[in-house]
K.L.:
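Before we start, here is the structure in question, set down as structure tokens.
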Amino acid sequence: MSDEAPKIRQAQLTEEEGCALLKVRFNEAGFKIQERFVFEEVGVSVELDGFDPEARVGYEYLTTEEGDRIEFTPSVVASLEGLMEKGELFLLMIDERSVDAKGLSLAAERFLAYVKSEQSS
Amino acid sequence: MSRGFGVRDWLRRARDLLPKLQDQSDRFHRAQRAHRDLAERLRQEIPERFEGLLLDLLPDITAASLQRVAKVTGALGGADPQGMVAERRTAIEAEQAEIRSDVEIETAQQRIEGPLEDEITELKRSLGPIRRFLREAKHPRLDRLLDCDYGTPSYSVPWWRLSYYSDWKAGDEILEATGAEFEEFAAFREAFAGRFNQGVISQSKYEARVEEQGVLKRTLSRYRELEQSLTQVEDLVLLELRGTLRAFLQARGEGALEGRIDADRGAKNMALGWVGVGKRLQYVQELERERLTPFGAAIEKSLAKMRRKSVKYARPKKAYTRFSADEIERTFVDRSAKWDKFWTRYDAAFAALNDFDDRYHYGRFEDDFLWWDLFCDGRVKGRFSEEVTEFYEEYEEYSWESPWDDSDGYEWEEGYAAAAVADADGRDEGELWDGS
């Protein structure tokens, strides 16, 4: 069997497909992802694509096919990143338009491994 | 009034006539092929004879040869071949001197094959691994990784962004593609920058040396061409003068030779050969256009019409068609005698042109000479040619006198005698091939 990835894995994902894939990978890692979770902290109120409020782990598409998400202004992103720098929030931010299944899956795997190590330390 | 013939009579006569028409058609096509073969042969012969005449008139550039050309043709009277030779020689030597001022000819070949070739080989060899490395490192994200300082302490993309992981993945892929030569991307970055610069420098050096070698080769080749030309200056001037003579004779035709050339029998014979072949070709083309083609067209038309009507009257619904004696007579009139007469005349005219041997030297350039009569020895009327017809009208008292006697061994075909008989019946040739 060829080592080359099937073509389907190299195809670019839509935001909807990307969110579905991430939900599966995050749930496999033991998180309980809620879709379109309304996050309201540190003066920020945004709807996250997927989030486990108990573990404070989730994911968010900053960039969509149509362009950057309006509510994720630089100051909102800076507030969220401030929480992540302190280890109080773990949000995988999808900041690239061109995303394939293989790349996104690998990124999720590495991100989740990092989160686990952070949370256990 | 009763109509006396039925369809069976009509079809029986058609069955008799069709093979005769077919025979005529076949004969026409055979004649047409022979005609065109002859025309092609003559067409090829004209330039050969013309070049032969030029070679005869101007075999070299001596003063005697040029005087002869001027006397016989009126061309090249003011030509100064020795001056032309000197002028060409000076121009060649000037170009050689200019080349020598740029290139040391004596050592150029040694430089091309020695140091330059060695340097090119070495640069090509050193470029090989660099090109391979750059090819292996090629990745859609490479420029980004280099720009955002990936692999260095300055890299600032945070770990929670997808781009961080995309950079990580691309970096791994590049390291893998370059054959695991580097463990860390930082080492790759350093090597890449060095080898890229080295590649650009070596490539530009390589291109410069190849260009230099090419220029040197072309210059040396040109210098040797000039050396060769110096040994052939006289030949080149001869070709140039012959070209001038060629253009002169082509522009003026046989008129340039009339009168002047008579004293030079050898040149005159060659010139008559050239002009005579042209005349022969002219008559061949006129004979086809004015006689053979119209006859063939009429035969083909009759044949097609007879076939079409044969099919029509063979149909059951035409079984009771009746024809008058007059209709039958008009449709199936016996044209064999007319056809035979056409072929007798045509064959005689064609044979005169086809069989004429190399006796062009009996020709003349004067207006009161008719080439057609030379080709047929005055035995066939050439009224198919407008030129011949006009000649007969202009010279009413003219009669052909054979310039040779039987002791020349020239034997005429029997066809000429038959043609002479055909002419003697007083009928106009034209009516023989009007297709009626």
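Chain A is the first sequence line, chain B the second, and so forth, proteins listed ahead of strands; every chain is numbered from 1.
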K.L.:
Can you pull out all donor-acceptor pairs below 3.5 Å that join chain B and chain A?
P.N.:
from: Arg141(B); atom 1: NH1; to: Glu96(A); atom 2: OE2; distance (Å): 3.3
from: Arg141(B); atom 1: NH2; to: Glu96(A); atom 2: OE2; distance (Å): 2.4
from: Trp160(B); atom 1: O; to: Met93(A); atom 2: N; distance (Å): 2.7
from: Trp160(B); atom 1: NE1; to: Glu81(A); atom 2: OE2; distance (Å): 2.8
from: Arg161(B); atom 1: NE; to: Glu81(A); atom 2: OE2; distance (Å): 3.0
from: Arg161(B); atom 1: NH1; to: Asp95(A); atom 2: OD2; distance (Å): 3.4
from: Arg161(B); atom 1: NH2; to: Glu81(A); atom 2: OE2; distance (Å): 3.3
from: Leu162(B); atom 1: N; to: Met93(A); atom 2: O; distance (Å): 2.8
from: Ser163(B); atom 1: N; to: Asp95(A); atom 2: OD1; distance (Å): 2.9
from: Ser163(B); atom 1: OG; to: Asp95(A); atom 2: OD1; distance (Å): 3.3
from: Ser163(B); atom 1: OG; to: Asp95(A); atom 2: OD2; distance (Å): 2.5
from: Ser166(B); atom 1: OG; to: Glu96(A); atom 2: OE1; distance (Å): 2.8
from: Asp172(B); atom 1: OD2; to: Arg110(A); atom 2: NH2; distance (Å): 3.3

K.L.:
For residues 128-135 of chain B, tabulate all N or O donor-acceptor pairs below 3.5 Å that involve a side-chain atom, not counting sequence neighbours.
P.N.:
from: Arg131(B); atom 1: NH2; to: Gln203(B); atom 2: OE1; distance (Å): 2.6

K.L.:
So that I can tick it off, tell me whether Arg189(B) and Glu184(B) are bridged by a salt bridge, with the cut-off set at under 4.0 angstrom between side-chain N and carboxylate O.
P.N.:
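Arg189(B) and Glu184(B): not salt-bridged.
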K.L.:
Has Ser25(B) got a side-chain atom pairing as donor or acceptor with Glu300(B)'s backbone, closer than 3.5 angstrom?
P.N.:
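No: the side chain of Ser25(B) does not pair with the backbone of Glu300(B).
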K.L.:
Below 4.5 Å from any heavy atom of chain B, which atoms of Leu91(A) appear? Answer side chain, backbone, both or neither.
P.N.:
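The backbone, not the side chain.
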K.L.:
Mind checking what makes side chain to side chain contact (heavy atoms under 4.5 Å, CB included) contact with Lys305(B), not counting sequence neighbours?
P.N.:
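Scan of Lys305(B) (side chain to side chain contact (heavy atoms under 4.5 Å, CB included), adjacent residues dropped) gives Arg308(B), Lys309(B).
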K.L.:
Could you list the residues that satisfy salt bridge (Lys or Arg N to Asp or Glu O under 4.0 Å) with Glu181(B), not counting sequence neighbours?
P.N.:
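For Glu181(B), the residues satisfying salt bridge (Lys or Arg N to Asp or Glu O under 4.0 Å) (neighbours in sequence not counted) are Arg195(B).
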K.L.:
Between Glu104(B) and Arg111(B), does any NZ, NE, NH1 or NH2 come within less than 4.0 Å of an OD or OE carboxylate oxygen?
P.N.:
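Result for this pair is no, no salt bridge flagged.
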